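Below is one structure, written out as structure tokens; the observations come after it.
A, B, ... follow the sequence lines: proteins, then strands. Residue 1 opens every chain. Note that this is a predicted model, so its numbers are computed, not measured.
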Protein chains: 2
Amino acid sequence: MQPRAHVTLEDVARAADVSLATASRALNGMRVTPQLRDRVLAAAEKLAYTPNAHARALAGASDRTVGVICHDVTDPYFAAIAGGVMRVAGDNDLLVMLASTFRDPEREIAYVSMLRAERAPAILLIGSGFEDARWERALEAELKPYLDGGGRVAVVSRHRSLKVDSVLPENKAGAAAMARALLDLGHRRFAVLSGPRALTTVADRLGGFREELARAGVALDPADIVEGPFTRDGGYGAMSELLSRGSAATCVFALTDVMAIGACAALRDQGLSVPDDISVAGFDDIPIVRDLTPALTTVALPLQRLGEKAMELALTENNGRRRRLLRMGGEVVLRGSTAKVGS
Amino acid sequence: MQPRAHVTLEDVARAADVSLATASRALNGMRVTPQLRDRVLAAAEKLAYTPNAHARALAGASDRTVGVICHDVTDPYFAAIAGGVMRVAGDNDLLVMLASTFRDPEREIAYVSMLRAERAPAILLIGSGFEDARWERALEAELKPYLDGGGRVAVVSRHRSLKVDSVLPENKAGAAAMARALLDLGHRRFAVLSGPRALTTVADRLGGFREELARAGVALDPADIVEGPFTRDGGYGAMSELLSRGSAATCVFALTDVMAIGACAALRDQGLSVPDDISVAGFDDIPIVRDLTPALTTVALPLQRLGEKAMELALTENNGRRRRLLRMGGEVVLRGSTAKVGS
DNA sequence: CTGAAAGCGCTTACAG
DNA sequence: CTGAAAGCGCTTACAG
């Protein structure tokens with residue numbers, strides 16, 4: 001009961017009057033005479049003993065803590081994916097260590113490094129990578145030795161990242177499908193609220209949208225593309241900017257639902273009605289958007305499953321040495337935020 | 001480059017042709033001849049060396065990973081608080097290990113136990129406790145030895161929990177203030193969408209609301225109190241139940257914004273208008289509610305600051321041995337979801 | 001089944 | 001400043 005030192009296995013062994021080895025075995029459920037076992041368990045209970053996970057890990061016991069690195073847990077998109085990861089982790093009796101980089105590439109590398117140091121059995125990287133060769137090399141320099149050391153890595157939403165298992169939402173196809181759906185509603189003049197160009201997801205979604213429009217003979221005026229952070233306020237700001245430019249677009253496509261939410265707020269603040277004055281569409285289908293008024297038209301991604309699949313990939317041994325790639329399609333869901341427009 | 005074994009300090013020391021001690025010192029930025037230092041750093045770089053955090057922790061180096069346990073990261077309420085925690089943690093160069101119990105008391109204890117085993121320097125418990133004596137004892141049995149061992153603990157939103165530092169949103173006062181505000185709008189017949197009785201937050205908010213109404217001579221009909229899970233769907237279900245009971249309430253108070261969102265959805269689905277047919281108020285002021293249509297009337301809690309303060313408490317030594325208690329007030333924010341009603 | 005001992009990979013007094 | 005050595009708290013062959 002000394003208010004300082006930690007109770008160790010040795011204390012337990014001494015109290016139970018057995019050897020260290022026996023104490024260890026009893027606590028770990030290995031074969032031990034019931035009588036000794038009871039004595040050990042009783043002593044441990046009495047002393048409120050908790051094994052030192054570090055010593056245990058050092059001594060070779062396997063670790064049960066996987067690391068998950070995402071851009072921002074407070075973003076519903078990542079929260080939903082993380083929820084999926086945790087579901088599967090929980091089923092497998094794994095503790096999840098969730099970290100947020102707040103979109104700082106440096107910090108992502110720092111986290112991977114810390115997780116490596118912790119000898120986490122698996123690391124999940126959730127969210128778009130950055131178009132930055134230097135960063136890519138640095139990340140690879142961390143991941144490579146980790147993988148060589150037997151670490152498992154799975155990523156969500158990033159391509160080309162090493163030869164690791166990955167879950168890839170079909171951003172490009174989804175954006176293209178959205179373009180088609182909006183064209184079908186009769187829209188011909190579009191604006192896009194985009195995120196930072198450095199994110200690969202931005203390139204994919206913007207590219208898919210633009211190309212599909214082009215296929216229909218509709219061009220996207222560069223002045224109708226406004227860039228902002230991938231946040232609610234980023235969407236608000238981008239929409240405001242667009243309005244101040246006096247865009248003639250009848251429909252705005254925000255590259256994420258979160259931005260779309262900000263855009264709707266900006267429109268509302270300007271006294272404009274969605275979808276009567278202008279249609280708004282998003283991407284992701286985060287849970288909240290169906291509860292908005294009007295509900296948001298979007299490309300629905302199976303967010304929770306994205307996380308579940310990533311965790312499953314990291315958990316299952318990859319026998320063939322090739323990286324596994326799971327593509328998960330998105331589906332356009334038309335809701336109240338987009339209106340038909342007479343041509 | 002063997003694709004199995006981990007590179008250890010010894011490998012680095014050998015490659016740099018120095019002793020283990022020197023290699024350790026060089027890597028940790030302690031005084032070492034520049035020449036040797038460079039050799040060590042170069043060797044470490046070349047071998048992609050990462051120190052084993054477990055060995056380091058065992059050997060006495062301090063750990064930089066704090067644990068945060070909340071009910072559900074996918075809930076915007078906890079996400080916002082976690083965001084605050086992470087902000088302060090980041091400023092202090094700490095890694096945050098975020099865990100979700102999904103409101104399972106057993107799991108909370110399991111997480112504390114794991115964190116104890118990890119010798120995390122601090123553990124933060126975020127979210128209402130449960131009214132369950134057995135659980136309380138079990139939790140205390142985990143926390144006590146952890147505290148005695150020098151661990152730091154801070155909690156958000158739970159009272160009576162041991163003698164640990166805590167941040168307490170004024171749930172009771174906030175709910176009372178909300179009652180007053182709604183009475184001022186002219187409402188006299190209320191309904192409450194409540195969460196599980198076992199959560200202390202429920203008792204506080206419900207109690208504060210009810211007592212303030214009573215003070216004004218307004219009684220809360222037990223039939224007008226519907227209980228459901230603290231989730232969007234829980235709010236949806238509870239509201240549906242209330243409607244099916246044919247309640248005559250002119251105003252519904254949901255104990256959390258998340259439930260209020262579900263309630264609004266249920267009303268919408270029934271073709272009822274908020275606030276024309278019925279007023280709805282929530283509690284928490286999670287970020288999204290100001291973007292709803294109508295925006296939600298609620299008790300605004302400084303969510304991010306709740307997290308920041310908790311982390312700060314855990315980080316600053318408590319010299320006086322008494323537990324510190326930070327009360328943080330909530331403020332009623334009237335928005336579009338509540339209407340005046342002619343008396 | 002049980003115990004003595006080696007070893008996991010570091011850090012840090014303790015000598016030099 | 002540098003090195004040899006002890007020690008952190010476990011687990012696990014290895015003998016008995």
Measure from the side-chain heavy atoms of B/Arg25 and tell me the nearest of C/dT11, D/dG3, D/dT11. D/dG3
CG on B/Leu27 to OH on B/Tyr49, rounded to 0.5 Å: 6.0 Å
Nearest-angstrom distance, C1' atom, C/dG16 to C/dT12: 16 Å
Is the phosphate of C/dT2 approached by A/Thr22 (side-chain N or O, under 4.0 Å from OP1 or OP2)? no
Let me know the distance between NE2 of A/His54 and C1' of C/dC10, rounded to the nearest Å. 12 Å
Check the phosphate of D/dT2 against B/Ser19, side-chain N and O only, distance under 4.0 Å to OP1 or OP2. Yes or no? no
Does D/dC14 have a Watson-Crick or wobble mate here (both distances under 3.5 Å), and if so which one? C/dG3
Residue B/Arg31, side-chain atoms from C-beta onward, closest of C/dC10, C/dC1, D/dC1: D/dC1
Figure out the CZ/C1' separation between B/Arg56 and C/dC8, and round it to whole Å. 16 Å
Rounded to whole angstroms, how far apart are CE on A/Met30 and C1' on D/dT12? 8 Å
Could you walk me through whether A/Arg56 and A/Asn28 satisfy the side chain to side chain donor-acceptor pair (under 3.5 Å) test, starting with their C-alpha distance in whole Å, then the side-chain angles of each, then the deciding distance to 0.1 Å, before giving a yes or no? CA-CA 11 Å; A/Arg56 195 173 234 177; A/Asn28 288 306; 2.9 Å; yes
Please report the distance separating the P of C/dT2 from the corresponding atom of C/dA6, rounded so that it comes out in whole Å. 22 Å
Between P of D/dG7 and CG of B/Leu20, the distance in whole Å: 17 Å
Could you tell me the separation between the CG atom of B/Asp17 and the P atom of D/dT2, rounded to a whole number of Å? 13 Å
Nearest-Å distance, CG (B/Leu9) to P (D/dG7)? 20 Å
Pick the nucleotide of DNA chain D nearest each of B/Ala59 and A/Ala21; which residue has the one closer to the 5' end? B/Ala59
By nearest nucleotide on DNA chain D, pick out whichever of B/Val18 and B/Leu58 is the more 5' one. B/Val18
Which nucleotide in C/dT2, C/dT11, D/dT2 has an atom nearest any side-chain atom of B/Leu36: D/dT2
Distance in angstrom units between A/Arg119 CZ and D/dT11 C1', rounded: 18 Å
Taking every heavy atom of B/Asn52 against every heavy atom of B/His54, the minimum-distance pair comes out as OD1-N, 2.7 Å
Would you tell me if any nitrogen or oxygen in the side chain of B/Thr8 comes within less than 4.0 Å of OP1 or OP2 on C/dG9? no
Exercise: do A/Thr316 and A/Arg324 side chains pair donor with acceptor under 3.5 Å: yes
B/Asp11 has an atom CG; how far is it from atom P of C/dC8, in whole Å? 11 Å
A/Asn52 side-chain N/O to D/dC8 phosphate OP1/OP2 under 4.0 Å: no
Pairing donors with acceptors under 3.5 angstrom, does anything connect the side chains of A/Thr200 and A/Ser128? yes
Contact summary for A/Val156 and A/Ala310, nearest pair of heavy atoms: CG2-CB, 3.5 Å
D/dT2 phosphate, OP1 or OP2, under 4.0 Å from B/Thr33 side-chain N/O: yes
